[in-house]
Each structure stands twice: as C-alpha cells, then as structure tokens.
J.: 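The structure that follows is given in the form of structure tokens.
Residue numbers run from 1 in the order of the sequence given.
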Amino acid sequence: MTVAARLAAEVPAGGQPDSRPLRVVTWNIRAAIGPGEPFPAAWWRHVRRDRLERIAEVLRALEPDVVTLQEVAMMNAEGEIHDQAADLGRLIGLHAGYGAVHAYPLIEPETGRSIGSASWGNAILSREPLRDAFTIGLPRARDDDLVEPVGADHELAGVRYEEAAPGHREARCAVGGRLAVGETEIGVVTCHLTYIGRRQRLEQVAALAGVAGRLGDRVVVTGDFNAPLDADELEPIRASFDDAFGASGVAIDDPDRHTWHASPIDHVVARGLRAVACRVVTEAGDASDHLPVVADLVH
C-alpha cells in the first residue's frame, strides 16, 4: 500500500489525509553482525542472513512509511555478494536507496589475503521512491587537528589525527531525498556521525543541518549521532529542528531514550512536522547492538 493510500484509509469521514501520521524508523543495524564487544576481526564472517531477516521482521511489524538505516553493508566476500539495502527492501516491500563515500578491501587477518571489498553506508527504505535522491560526504578531520583538546578528559586529548587510528576519521555521509506524501513533499535525510572527536562531529552536524535546510519546509532528520541530543556539538541541529522524543513528552535525560547500552544516541528530529509519538523499539532485542527508534509525525 502506498503512503497516500495508507493515510487515506486511516482518515475518518471528512478528514484530511495529509494530517495522518507518517511513521519513520531509524536504526543502526551493524551490518547484521549483532551485538558484542569488541568489534570482531574479520567482521564479514559474522554477517548473517538469518539476522538480516530478523531485522526485516522487526521493521515489517512496525509498518513504517520510511526506514532510515546506518551501518548498512554492501560487499563481496569470497565471491558472495551482499547488498543489505536491496535485500531489506525486498523483504519488507519498500523501495531502497543506499549511499556510502568510501570502500575498502576485505583482508583475511590470518593470511593477509584479499578476498573482496566492502562499504558501510546509510540506507533509506520508503513506500514511495525518493525524488532527488542524494549522497553527500560529511567533513573529516585534518591531519593536524586534535582528536580532543589538550587537557580534555579523554585518552586522546592532545593527540593529532595523523597519530591516531585511521578509523577515527572514517568517511561519513548524509543520504536523503524528497518523499511524496499525498499532495505534500517531505525531505528525509539520515546520517551516521563520527564516534570520536567532538570538533569533527560539530563540523559534520553543521554540514548536516545545511543539507537538511535546503530540503524545504517539512524535513525529517534521523540517524546515529553518536551523542545525546543535548551535547554541545549538536547545537546546529537543536537550533533548527524539533526533537521527536521531546515533542512526545520524553525528557532529555529519560532512560527510555537509550538506544545503545545506556546512551541515547539515535534520534529523529523534524521541522514543519510534529511528533505525536516516539519510542525506542525494545522488542528488537539483540538483532543489532542498537535499538531502533520509531516516530509518528503529522503536519
């Protein structure tokens, strides 16, 4: 069923279809590896199709109109092709879009043998195909930038990125487009911000806010921001968008926001739309190391 048809079916006599909720889900799926620390060496061996199917079952039960995903893999390993965005789209019955801005070889740690290549990116699944779809790289730290300032309470305070692990400035991107909902067009953009370096994350947030700001009057921004919404570096997003949890009465420090261990780092924010419900999908269990967030938005 299309978004327009679903909304129309829910409208009481004399009502307006565009006033019905648009259901948005965001989820860091960890490439169907599942939870567990530390991150596994030769991670591609841990990708499981049955876990991807379980992720699809969780999403299908939520009956979403838009699903935004992070840590979505597209890879070939030993000749086997994995296109997780396309696979989930087929399993759920949604159109799939995918974006990533880097790729790298898969190298067996025991032998040093190259056996394929992979990218980790973001995906958007939607009942209607996105219009004007895009992928835009977000800022990365420079060699001589400090991971954290001298004196900060962090093990990498005073350390330059050129001296840190390459993954500390992994290429990140925003993926989005415009979704037709009845007679209305809604901008959708999702991202996965850096997990380390508050200045690097601030630059990415500022770029994200700029991208979202060009999508029109009604926009949804989602993703794994790797920080609570009240973090200083998320101010550019807070200044322009409304928090779906907050609009639904869930306080900023409420444990009901926790999506990764005891951290509230996965978010849905919007402009020109109002959240009438937002919750963490605890019934997803250990399908990933994150829990999904589902929000119902109206305008």
J.: Look up atom CG in D256 and atom OG1 in T282, then write down how far apart they are to the nearest 0.5 Å.
T.: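 So the CG of D256 and the OG1 of T282 are separated by 9.0 Å.
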J.: Using the side chain to side chain donor-acceptor pair (under 3.5 Å) definition, which of the options T222, D266, N122 pairs with T68?
T.: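 The passing option is T222.
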J.: Using the salt bridge (charged side-chain N to carboxylate O under 4.0 Å, His left out) definition, which of the options E78, E110, E80 pairs with R45?
T.: E110
J.: What I'd like to find out is whether the side chain of R30 reaches to under 4.5 Å of the side chain of F39, using heavy atoms alone.
T.: yes
J.: So L94 and S126, do their side chains get closer than 4.5 Å, heavy atoms only?
T.: no
J.: Do side-chain atoms of R160 reach the backbone of D144 as a donor and acceptor pair under 3.5 angstrom?
T.: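 A pair under 3.5 Å: yes.
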J.: What is the ring orientation for F225 with H267, classed by angle as parallel under 30°, tilted 30 to 60°, or perpendicular over 60°?
T.: tilted
J.: Between I252 and L234, is there shared hydrophobic-cluster membership here, with clusters defined by ILVMFWY side-chain heavy atoms closer than 4.5 Å?
T.: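 They do share one cluster, since a chain of ILVMFWY contacts under 4.5 Å joins I252 to L234.
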J.: Write down the atom of A212, the atom of R271, and the distance for their closest heavy-atom approach.
T.: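 It is O-NH2, 3.5 Å.
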J.: Measure the shortest side-chain to side-chain distance between R49 and D87 over non-hydrogen atoms and say whether it is less than 4.5 angstrom.
T.: yes
J.: Might you point out which heavy atoms bring L297 and A270 nearest each other, and give the distance in Å?
T.: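 Taking L297 first and A270 second, the nearest heavy atoms are CD1-CB, 4.5 Å.
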J.: May I ask you to decide whether D132 forms a salt bridge with R214, counting only side-chain N to carboxylate O separations under 4.0 Å?
T.: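 Looking at R214 together with D132, the answer is no, because their closest N to O distance does not fall below 4.0 Å.
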J.: Within a radius of less than 6.0 Å around CG of D232, do more than 12 heavy atoms belonging to other residues, nucleotides or ligands occur?
T.: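 Open: at most 12 neighbouring heavy atoms sit under 6.0 Å from CG of D232.
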J.: Looking only at heavy atoms, which two atoms of A284 and L291 are closest? And how far apart?
T.: CB-CD2, 4.2 Å
J.: Within this structure, what is the CG-OG distance for the pair L52 and S288, rounded to the nearest 0.5 Å?
T.: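 L52 CG to S288 OG: 11.0 Å, rounded to 0.5 Å.
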J.: For a 4.5 angstrom cut-off between non-hydrogen side-chain atoms, does C278 reach V293?
T.: yes
J.: Heavy atoms, side chains only, cut-off 4.5 Å: are F134 and V211 in contact?
T.: yes
J.: How does the hydrophobic cluster around W260 look, that is, which other residues are in it when side-chain heavy atoms under 4.5 Å mark a link?
T.: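 For the cluster that includes W260, the remaining residues are I265.
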J.: So, are R140 and D145 salt-bridged, with charged N and O less than 4.0 Å apart?
T.: no
J.: Treat each ILVMFWY residue as a node, draw an edge where side-chain heavy atoms are under 4.5 Å apart, and state whether V268 and F245 are in one component.
T.: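 Yes; F245 is reachable from V268 via cluster members.
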J.: Taking the six-membered ring for Trp, is the centroid-to-centroid distance between H168 and Y195 below 6.0 Å?
T.: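 Yes, the ring of H168 comes within the 6.0 Å limit of the ring of Y195, centre to centre.
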J.: Do any N or O atoms from the side chain of R172 and from the backbone of C191 form a donor-acceptor pair under 3.5 angstrom?
T.: no
J.: How many angstroms lie between CD in E37 and NE2 in H261, if you round to the nearest 0.5 Å?
T.: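 The NE2 atom of H261 is 5.0 Å from CD of E37, to the nearest 0.5 Å.
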J.: For D254, does the CG atom sit with more than 12 other heavy atoms under 6.0 Å from it, leaving out its own atoms?
T.: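 Yes.
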J.: Ignoring hydrogens and geometry beyond distance, is a side-chain donor-acceptor pair present between T26 and Q70 at under 3.5 Å?
T.: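 Judged by distance alone, the side chains do pair up.
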J.: Evaluate V220 against V66 for side-chain contact (heavy atoms from CB on, under 4.5 Å), listing each step before the verdict.
T.: CA-CA 10 Å; V220 182; V66 182; over 6 Å; no
J.: Between the main-chain N or O of V205 and the side-chain N or O of E233, is there a donor-acceptor pair closer than 3.5 Å?
T.: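 Such a contact is absent between E233 side chain and V205 backbone.
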J.: Please give me the minimum heavy-atom distance between A157 and P149, naming the atom from each residue.
T.: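 Minimum heavy-atom contact is CB-O, 3.3 Å.
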J.: Any sub-3.5 Å donor-acceptor pair from R201's side-chain atoms to T194's backbone N or O?
T.: yes
J.: Please name the pair of heavy atoms, one in C173 and one in A100, separated by the smallest distance, quoted to 0.1 Å.
T.: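 Where C173 meets A100 most closely, the heavy atoms are SG-CA, 4.0 Å.
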J.: Using a 4.5 Å cut-off on heavy atoms from C-beta on, say whether the side chain of H258 contacts that of V280.
T.: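 Answer no - side chains too far apart.
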J.: Determine, step by step, whether I196 and H154 satisfy the side-chain contact (heavy atoms from CB on, under 4.5 Å) criterion, reporting the C-alpha distance in whole Å, the side-chain angles of both residues, the deciding distance to 0.1 Å, and the verdict.
T.: CA-CA 10 Å; I196 196 166; H154 194 281; 4.0 Å; yes
J.: Is it true that I55 and V25 fall in one hydrophobic cluster, defined by side-chain heavy atoms closer than 4.5 Å?
T.: yes
J.: To the nearest 0.5 angstrom, please state how far the CG atom of L91 sits from the CG atom of L59.
T.: 10.0 Å
J.: Can a donor-acceptor pair be found, under 3.5 Å and without considering hydrogens, that links the side chain of D296 to the backbone of V276?
T.: no
J.: Given side chains that start at C-beta, do those of L69 and Y98 come closer than 4.5 Å, heavy atoms only?
T.: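 No, side chains not in contact.
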J.: One pair to check against side-chain contact (heavy atoms from CB on, under 4.5 Å): L193 and Q200. What are the steps and the verdict?
T.: CA-CA 9 Å; L193 303 179; Q200 182 179 204; over 6 Å; no
J.: Check this for me, if you would: do R142 and E203 make a salt bridge, where the nitrogen-to-carboxylate-oxygen distance has to be below 4.0 angstrom?
T.: yes
J.: Quick one: ring pair (Phe, Tyr, Trp, His ring centres under 6.0 Å) partners of H95, sequence neighbours excluded?
T.: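 Result, ring pair (Phe, Tyr, Trp, His ring centres under 6.0 Å) vs H95: none returned.
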J.: Could you check Q84 against I29 for side-chain contact (heavy atoms from CB on, under 4.5 Å), going step by step and ending with a plain yes or no?
T.: CA-CA 10 Å; Q84 294 184 336; I29 65 169; 4.2 Å; yes
J.: Keeping the roles fixed (side chain from R169, backbone from A141), state whether a donor-acceptor pair exists under 3.5 Å.
T.: yes
J.: State the CD1-CG distance between I237 and L202, to the nearest 0.5 angstrom.
T.: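 Between atom CD1 of I237 and atom CG of L202 there are 11.0 Å.
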J.: With the 4.5 Å side-chain cut-off for hydrophobic clustering, are L229 and V250 part of the same group?
T.: no
J.: For the OG atom of S114 and the CD atom of E108, what is their distance to the nearest 0.5 Å?
T.: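 Nearest 0.5 Å value for the OG-CD distance: 9.5 Å.
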J.: Which atom pair, heavy atoms only, marks the closest approach of H82 to V47?
T.: ND1-CG1, 4.2 Å
J.: Does Q204 reach the main-chain N or O of P139 with its side chain, forming a donor-acceptor pair under 3.5 Å?
T.: yes
J.: Using a 3.5 Å distance criterion without hydrogens, assess whether the side chain of R198 forms a donor-acceptor pair with backbone atoms of E148.
T.: no
J.: Has R23 got a side-chain atom pairing as donor or acceptor with L62's backbone, closer than 3.5 angstrom?
T.: yes
J.: Flag yes if V188 and I92 sit in one hydrophobic cluster, no otherwise; membership is Ile, Leu, Val, Met, Phe, Trp, Tyr, and two members link when side-chain heavy atoms are under 4.5 Å apart.
T.: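 They do not share one cluster, since no chain of ILVMFWY contacts under 4.5 Å joins V188 to I92.
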J.: So, D286 and R54, do they make that salt bridge, N to O below 4.0 Å?
T.: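 Result for this pair is yes, salt bridge flagged.
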J.: In the structure I gave you, are the side-chain heavy atoms of D65 and P21 within less than 4.5 Å of one another anywhere?
T.: no
